[in-house]
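Residue numbers run from 1 in the order of the sequence given. Small disclaimer: the values here were computed from a predicted structure and weren't measured.
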Amino acid sequence: MQFLKILFWCLLAFLAAAFTMGNWTTVPIRLVGGLIADVNLPVLLFVTFLLGLVPTLIWQHAVRWRLRQRLATAERNLTDLRSSVVAATEPVAEPAAPLAMSIDKPGTAI
């Protein structure tokens with residue numbers, strides 16, 4: 001399985017390098033105030049990809065963190081509840097009734 005994962009990433013890196021080599025052109029971007037920035041197309045695509053990916057990753061990590069906190073709280077409450085139920089249902093040891101002692105008289109059978 002590790003081999004397939006490495007093969008996938010190598011293939012993806014090769015495709016990205018081939019795309020970069022084939023599309024290494026400058027693209028003019030008009031900025032505020034009449035400024036024009038010349039940016040290479042692969043760099044522009046990478047930056048726009050990151051602009052879409054990073055906020056989504058931050059949101060996903062925040063949701064996972066919140067769910068972990070809720071799960072930890074629920075597990076803690078469940079453990080407390082179980083320990084209180086076990087403590088309440090443990091049988092209380094009742095004192096044993098004293099045994100009636102019989103004194104044997106010599107010569108009598110019990």
Side-chain angles (χ1 to χ4, degrees):
M1 190 67 175
Q2 185 69 25
F3 173 74
L4 291 176
K5 193 184 298 186
I6 292 172
L7 183 66
F8 170 74
W9 286 113
C10 288
L11 180 64
L12 190 64
F14 174 75
L15 289 175
F19 175 79
T20 301
M21 295 301 287
N23 293 307
W24 196 260
T25 59
T26 57
V27 178
I29 298 176
R30 292 191 179 102
L31 301 173
V32 179
L35 296 173
I36 297 176
D38 289 330
V39 180
N40 290 330
L41 182 62
V43 174
L44 180 64
L45 290 177
F46 183 69
V47 168
T48 56
F49 173 75
L50 287 180
L51 283 174
L53 180 69
V54 170
T56 305
L57 283 179
I58 291 171
W59 178 78
Q60 189 248 353
H61 281 289
V63 167
R64 287 180 65 196
W65 178 80
R66 195 172 64 220
L67 288 175
R68 280 189 196 132
Q69 295 298 318
R70 288 177 60 190
L71 182 62
T73 303
E75 286 176 345
R76 217 174 312 120
N77 290 341
L78 185 61
T79 303
D80 292 343
L81 183 62
R82 283 184 180 164
S83 64
S84 66
V85 167
V86 168
T89 59
E90 285 182 357
V92 178
E94 296 179 13
L99 296 176
M101 296 180 64
S102 62
I103 301 176
D104 292 337
K105 295 182 183 177
T108 59
I110 297 182

Interatomic distance, L4 atom CG to I6 atom CD1 [nearest 0.5 angstrom]: 9.5 Å
Check each of T20, T26, V27 against N40 using the side-chain contact (heavy atoms from CB on, under 4.5 Å) test, and report the only one that passes. T26
Using the side-chain contact (heavy atoms from CB on, under 4.5 Å) rule, pick out the option among L78, T79, D80 that qualifies with R82. L78
Using the rule that Ile, Leu, Val, Met, Phe, Trp and Tyr join whenever any side-chain heavy atoms are under 4.5 Å apart, tell me whether L57 and F49 fall into a single cluster. yes
Looking only at non-hydrogen atoms, find the nearest pair between N23 and L41 and report the distance. O-CB, 3.7 Å
Listed partners of R76 passing side-chain contact (heavy atoms from CB on, under 4.5 Å), at least two apart: A72, T73
Tracing side-chain contacts under 4.5 Å among Ile, Leu, Val, Met, Phe, Trp and Tyr outward from F8 reaches W9, L12
Would you say F14 and W24 are hydrophobically clustered, going by side-chain heavy atoms of ILVMFWY under 4.5 Å? no
Run the side-chain contact (heavy atoms from CB on, under 4.5 Å) check on Q69 and W65 step by step: do they pass? CA-CA 6 Å; Q69 295 298 318; W65 178 80; 3.4 Å; yes
Do L51 and I29 share a hydrophobic cluster (ILVMFWY, side-chain heavy atoms under 4.5 Å, transitive)? yes
Just jot down the side-chain contact (heavy atoms from CB on, under 4.5 Å) partners of S83, sequence neighbours excluded, or say none. none
Restricting to side-chain contact (heavy atoms from CB on, under 4.5 Å), what partner residues turn up for F46, sequence neighbours left out? L50
Of all residues at least two apart in sequence or in a different chain, which pass the side-chain contact (heavy atoms from CB on, under 4.5 Å) check with V32? none
Shared hydrophobic cluster, V43 / L31 (ILVMFWY, side-chain heavy atoms < 4.5 Å): yes
What's the separation between atom NE2 in H61 and atom CZ in R68, rounded to the nearest 0.5 Å? 9.0 Å
Evaluate T56 against I58 for side-chain contact (heavy atoms from CB on, under 4.5 Å), listing each step before the verdict. CA-CA 5 Å; T56 305; I58 291 171; over 6 Å; no
Is it possible for you to say whether V39 and V47 belong to one hydrophobic cluster, with membership spreading through side-chain heavy-atom contacts below 4.5 Å? yes
Taking the hydrophobic residues Ile, Leu, Val, Met, Phe, Trp and Tyr, and joining any pair whose side-chain heavy atoms are under 4.5 Å apart, which ones share a cluster with W59? V63, L67
Side chains of K5 and M1: closer than 4.5 Å at any heavy-atom pair? no
